[in-house]
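Input: a single structure, listed below in structure tokens.
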Amino acid sequence: MEIAVTVNGQTYERDVEPRKLLIHFLRDDLDLTGSHIGCDTGNCGACSVIVDGVLLKSCMLLAVQANGTRIETVEGLSEDGELTRLQQAFNEHHALQCGYCTPGMLMSTTALLRENPSPSEDEIKKALQGNICRCTGYWNIVEAVKSVAK
Amino acid sequence: MLLREVEYAKPGAVAEALQLLAANEGARALAGGQTLVNVMKARAASPDMLVDLNGLEELRGIELAGDGTLTIGAMTTYTELMRSAEAKARPILGEVCATIADVQVRNRGTIGGNVCSNDPTNHLPPLMVAIGARMTIAGADGEREVPAEDFFLGVYLTAVGPGELLTRISIPAGKKDGFAAVTLGAEGTCICNAAATVNGAVRIALGCVDAVPVVVTADSAGGVADAVRAANLTPPSDVHASSEYRTHLAAVLATRAAEEAAAR
């Protein structure tokens with residue numbers, strides 16, 4: 001099936017099989033390997049992306065379902081090589097250890113801060129329920145988000 | 001995981017979706033996909049065709065009628081329901097949806113998908129039964145309405161037959177509801193759950209203890225535990241809880257849900 005998607009501002013037209021998951025389309029067809037595959041069962045959130053403004057796990061969406069949408073991935077967060085405040089805060093608070101979950105953590109907390117620029121600690125934790133850090137580095141992740149909350 | 005090869009169709013109208021489902025024996029309706037895509041990865045389901053319902057605006061939206069009846073389109077997501085001003089007419093709905101899975105799943109998963117998958121550990125089947133929801137099912141011969149109590153037929157099995165679709169759920173007015181669950185981790189999969197509504201008597205629907213929600217009634221919240229024990233439940237045992245422990249939880253959670261409902 002022919003699909004057209006806009007990822008981080010750039011439009012791509014590709015022919016994809018209906019069985020292809022969005023995460024595989026992003027990584028294998030578009031070579032956007034920032035979004036990770038952690039569990040492939042919908043639990044870990046490493047593949048989280050924002051589709052038409054909505055935070056989703058891209059391992060539970062078919063690429064064909066994303067036809068016509070505007071997708072944001074971790075590669076699109078920084079502008080002109082400058083980290084966003086949130087990315088900078090992750091760096092400063094050592095909010096990543098192995099880094100595998102980080103793309104998903106950044107997308108989930110980016111989505112949170114857009115909707116709620118002043119989240120409480122509980123709201124931050126609740127927003128991260130769908131993202132697993134197997135290094136268990138949650139404390140510093142929450143600290144990083146708190147530091148940019150208004 | 002690479003899925004098995006599958007055809008894909010995205011109809012623009014319910015009638016077209018019904019035709020596709022009726023004409024293709026191996027077709028399955030794809031709602032939010034937060035269960036179906038994963039069971040396809042595991043090959044637990046291998047449909048030949050996916051009929052994507054995400055283009056069907058007819059199945060979206062929440063309406064509140066003058067008599068307080070809520071009508072919820074089957075393709076309404078948990079997040080949409082949680083944010084709906086209309087859905088606050090029956091507050092338990094948004095409260096329970098807020099405890100399902102996580103943000104990403106709530107953003108995509110649908111009310112209709114939750115009830116149609118009828119996983120016995122799901123939140124919404126017992127809730128819909130307790131609050132007296134009515135399910136509208138569309139097929140080639142038109143629409144029919146089924147009370148929630150008759151909608152759930154078995155594990156992963158509902159009154160929605162081949163070639164049919166759940167289109168909407170009607171919920172009567174009411175506020176005195178409660179819900180209690182013991183879960184795997186905070187707000188995880190339910191080990192046992194109970195929904196309650198008080199309308200004179202207390203009506204309980206228990207989840208995770210049988211293939212379908214089990215209804216128990218009592219005169220008051222104080223009588224709920226005895227009523228649950230009198231139901232002679234024989235829930236399944238698994239790695240998370242023995243049958244005996246689930247039986248114990250059923251009485252405890254039914255009481256908690258009933259007390260919450262009665263206190264409103």
Out of curiosity, [X] [atom1] to [Y] [atom2], how far, rounded to the nearest 0.5 Å?
{"X": "B:D102", "Y": "A:N131", "atom1": "CG", "atom2": "CG", "answer": "7.5 Å"}
{"X": "A:M60", "Y": "B:N38", "atom1": "CE", "atom2": "CG", "answer": "5.5 Å"}
{"X": "B:L50", "Y": "A:R19", "atom1": "CG", "atom2": "CZ", "answer": "12.5 Å"}
{"X": "B:L3", "Y": "A:E17", "atom1": "CG", "atom2": "CD", "answer": "10.0 Å"}

task: Tell me, with the steps shown, if A:V64 and B:D52 meet side chain to side chain contact (heavy atoms under 4.5 Å, CB included).
output: CA-CA 10 Å; A:V64 290; B:D52 189 352; over 6 Å; no
Within a 6.0 Å radius of atom [atom1] on [X], are there more than 12 heavy atoms belonging to other residues, nucleotides or ligands?
{"X": "B:E25", "atom1": "CD", "value": "no"}
{"X": "A:Y138", "atom1": "OH", "value": "yes"}
{"X": "A:E79", "atom1": "CD", "value": "no"}
{"X": "B:Y156", "atom1": "OH", "value": "no"}
{"X": "B:R60", "atom1": "CZ", "value": "yes"}

field: Top of B:K10, B:M40, B:E7, B:E187 for chain A proximity - count of heavy-atom pairs under 4.5 angstrom
entry: B:E187
- prompt: Which pair of non-hydrogen atoms, one from B:Q104 and one from A:G45, has the smallest distance, and what is that distance?
  reply: NE2-CA, 4.5 Å
message: Looking at every non-hydrogen atom in both residues, tell me the closest pair between B:V103 and A:K126 and how far apart they are.
response: CG2-O, 4.1 Å
query: Under the 3.5 angstrom rule, does the side chain of B:N107 hit a backbone N or O of A:V54 as a donor-acceptor pair?
result: no
message: Donor-acceptor check, side chain of B:R108 to backbone of A:L56, threshold 3.5 angstrom: yes or no?
response: no
statement: Cut-off 4.5 Å, heavy atoms of chain B, and the answer for A:I37 is neither
- prompt: Side chain, backbone, both or neither: which part of B:R106 has a heavy atom under 4.5 Å from chain A?
  reply: side chain
- prompt: At a heavy-atom separation under 4.5 Å, does B:A42 approach chain A through its side chain, its backbone, both, or neither?
  reply: neither
query: For chain B, which of A:N67, A:L61, A:I23 has the most heavy-atom pairs under 4.5 Å?
result: A:L61
